Amino acid sequence: MKQLGPIAMLAAMLALGTAASAQVSLTPDGKPAAKQDAPKEKKAPPKKSAAPATPKPVPTPTPVAPPKAADSPFEDPNVDLVYGAYQRGQYKTAFDLAITRAQYNGDPKAMTMLGELYENGMGIKRDFAKATEWYKRAADAGDREAMFALAMMRLAGRGGAVNKEESVKLLASSAKLGNPKAAYNLALLYLDGQTLPQDIRRAAELLRVAADAGNPEAQYALATFYKEGNGVPKDLEKAVRLLQAASLAGNVDAEVEYAIAMFNGSGTPKNQPAAVALLRKAAKQNSPIAQNRLARVLAYGQGAQQDKVEALKWHWIAKTSGKGDPELDEFLADVPAADRAKAEAEGRKWLGNK
């Protein structure tokens, strides 16, 4: 998935001046009125004459009761109880709250949630038709996540017939609204060349949009574009920066490629210990390529202390996943049978515990 810089806040002080007004009673000639010159027809005492006139009565407004505290999700849009329940795994509660918000407040986010709950059978019986219905209502209301979800359902033919044309339109609309997943999947369609005419440059543009938004899969894919010069100028340094970003986000394939780049010093300063540590991390996440590369590093003692038993362990694990290495087989052929058996036992144990 963005670094925000510090925000400087400015405060402006406004000086408010208030002036008091005084009323002075003047006679027509501008001289102060004497008490004996007061008009005889005014029988009321002087203090009475200075009193303001009694205002005319005005209708009293009907009291309005203060708003009640929100006791349901659609009464307070600032409290997303639906998503909170979903995150806690309380899917039935999320469904009940979402249906209320969708029906009484027309909340597109709640409609999208209902679509997801129906699509995956969480808290409710799985129903692709109802999932499609709720996704469509939310998409029509402008929710980009619903557009993406509905596009993927149309593409797979869930909840209705396959509709690639509608799927492409929905993905494009969702991507235009800033959804990185939609941009990434639309790029894949341009790469595939079946649903859409193949367009490597357009795919690269969409991958850049998704990568800039922090999508690790798009970062990894765009890195391979820069590495090979497909749809973009070849640039190893840009490729490595993207690999690093995707690696930090947990993309295992990016971890492997970034580790190899650091090990060889390609597009980045050489750092073999850091590379080995990252390869080990990816190997433990069951990447056969990482397991094979780690086995090589340990077998030859490059960037790490030589350990042929540990190398055999990871080599054996990689082979079980279909990543064989004849050169490594030959190099480790002289390992004693006891050590070979120990390595295989450790490999079996690791596979059983993963």
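Quick caveat, the model's predicted, so the values are computed rather than measured.
Through direct or indirect side-chain contacts shorter than 4.5 Å among Ile, Leu, Val, Met, Phe, Trp and Tyr, L248 is connected to no other residue. Within the hydrophobic cluster formed by Ile, Leu, Val, Met, Phe, Trp and Tyr side chains joined at under 4.5 Å, directly or through other members, Y300 is accompanied by L312, L328, F331, L332, V335. Other residues sharing the hydrophobic cluster of M153, ordered by chain and number and joined by side-chain separations under 4.5 Å: F128, Y135, M147, L150, L170, L177.
Side-chain contact check for V297 versus F263: some heavy-atom pair is nearer than 4.5 Å. Counting only heavy atoms from C-beta outward, the side chains of E165 and N163 approach each other to under 4.5 Å. You'll find the side chain of N230 stays beyond 4.5 Å of the side chain of T224, heavy atoms only. Under the 4.5 Å side-chain criterion, counting only non-hydrogen atoms from C-beta, L155 is not in contact with V162. Put simply, the side chain of L242 does not reach to within 4.5 Å of the side chain of Y220, judged on heavy atoms. For the pair W134 and E116, the minimum side-chain heavy-atom distance is 4.5 Å or more. Taking the side chain as every heavy atom from C-beta outward, M122 and Y86 approach each other to under 4.5 Å.
Scanning all heavy atoms of the two residues, the minimum distance from A213 to P180 falls at CB-CB, 3.7 Å. Across all their heavy atoms, K323 and I289 have their closest contact at CE-CG1, 4.5 Å. A204 and F225 get closest at one heavy-atom pair: CB-CD2, 3.8 Å. When all heavy atoms of A138 and M111 are compared, the closest pair comes out as CB-CB, 3.7 Å. Looking at every heavy atom in both residues, A290 comes nearest to A282 through CB-CB, 3.5 Å.
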Could you go step by step and tell me if K308 and D334 meet the side-chain contact (heavy atoms from CB on, under 4.5 Å) rule? CA-CA 10 Å; K308 290 189 175 183; D334 62 347; 3.7 Å; yes

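Pairs of residues two or more places apart, or lying in two chains, never qualify as salt bridge (charged side-chain N to carboxylate O under 4.0 Å, His left out) while including a residue from residues 233-243. Within the structure, the salt bridge (charged side-chain N to carboxylate O under 4.0 Å, His left out) test picks out the following pairs touching residues 149-158 (sequence neighbours left out): E119-R158, R154-E166. Applying the salt bridge (charged side-chain N to carboxylate O under 4.0 Å, His left out) test to pairs two or more places apart or on separate chains, those with a residue in residues 171-188 are E145-K181. Within the structure, the salt bridge (charged side-chain N to carboxylate O under 4.0 Å, His left out) test picks out the following pairs touching residues 90-100 (sequence neighbours left out): K92-D96.
In this structure a side-chain-to-backbone donor-acceptor pair under 3.5 Å is missing from S167 to M152. No donor-acceptor pair under 3.5 Å is formed between the side chain of N292 and the backbone N or O of P288. Under a 3.5 Å cut-off, the side chain of Q198 and the backbone N or O of G193 do not form any donor-acceptor pair.
Salt-bridge formation is detected for the pair E205/R202: a Lys NZ or Arg NE/NH1/NH2 atom is positioned less than 4.0 Å from an Asp or Glu carboxylate oxygen. Using a 4.0 Å cut-off between a side-chain N of Lys or Arg and a carboxylate O of Asp or Glu, D212 and R208 do not qualify as a salt bridge. A salt bridge links R348 to E344: one of the charged nitrogens lies within less than 4.0 Å of a carboxylate oxygen. Note on D325 versus K319: no salt bridge recorded, every NZ/NE/NH1/NH2 to OD/OE distance being 4.0 Å or above.
A continuous path of ILVMFWY side-chain contacts below 4.5 Å connects W316 to L294, so both sit in one hydrophobic cluster. In this structure, I200 is a member of the same hydrophobic cluster as L207, with clusters built from ILVMFWY side-chain heavy atoms closer than 4.5 Å. Taken together through direct or relayed side-chain contacts under 4.5 Å among Ile, Leu, Val, Met, Phe, Trp and Tyr, F95 and L97 form part of one hydrophobic cluster.
For the atom pair L114 CG and K130 NZ, the distance stands at 10.5 Å (nearest 0.5 Å). One finds the CG atom of L222 at 10.0 Å from the CG atom of L243 (value rounded to the nearest 0.5 Å). Between the CG atom of L206 and the CZ atom of R201 there is a distance of 14.0 Å, given to the nearest 0.5 Å. Taking OG1 of T112 as the reference point, atom CZ of R137 lies at 11.0 Å (rounded to 0.5 Å). One finds the CZ atom of F148 at 12.5 Å from the CG atom of D143 (value rounded to the nearest 0.5 Å). In this structure, CD1 in I317 is found 5.5 Å from CD in Q291, a value given to the nearest 0.5 Å.
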Using residues 270-280 as the side-chain source, report each donor-acceptor pair under 3.5 Å to any protein atom, sequence neighbours left out, with the distance given to one decimal.
residue : atom : partner : partner atom : Å
N271    : OD1  : A274    : N            : 3.2

List, one per line, each side-chain donor-acceptor pair under 3.5 Å for residues 251-259, sequence neighbours excluded.
residue : atom : partner : partner atom : Å
N251    : OD1  : D253    : N            : 3.2
N251    : OD1  : A254    : N            : 2.9
E255    : OE1  : Q285    : NE2          : 2.8
E255    : OE2  : K281    : NZ           : 3.3
E257    : OE1  : K227    : NZ           : 3.2
Y258    : OH   : Q244    : NE2          : 3.2

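Counting non-hydrogen atoms of other residues, nucleotides and ligands closer than 6.0 Å to OH of Y83 gives a total of 12 or fewer. Surrounding CD of Q305 are at most 12 heavy atoms belonging to other residues, nucleotides or ligands under 6.0 Å away.
Applying the side chain to side chain contact (heavy atoms under 4.5 Å, CB included) criterion to L188, with sequence neighbours excluded, gives Y184, N185, L191. Taking T268 as the reference, V240, A261, M262 meet the side chain to side chain contact (heavy atoms under 4.5 Å, CB included) condition, with sequence neighbours excluded. For the side chain to side chain contact (heavy atoms under 4.5 Å, CB included) test, residues two or more places apart in sequence or in another chain that qualify with D107 are R101, K109, A110.
A donor-acceptor contact under 3.5 angstrom links the side chains of W314 and E310, judged on distance only.
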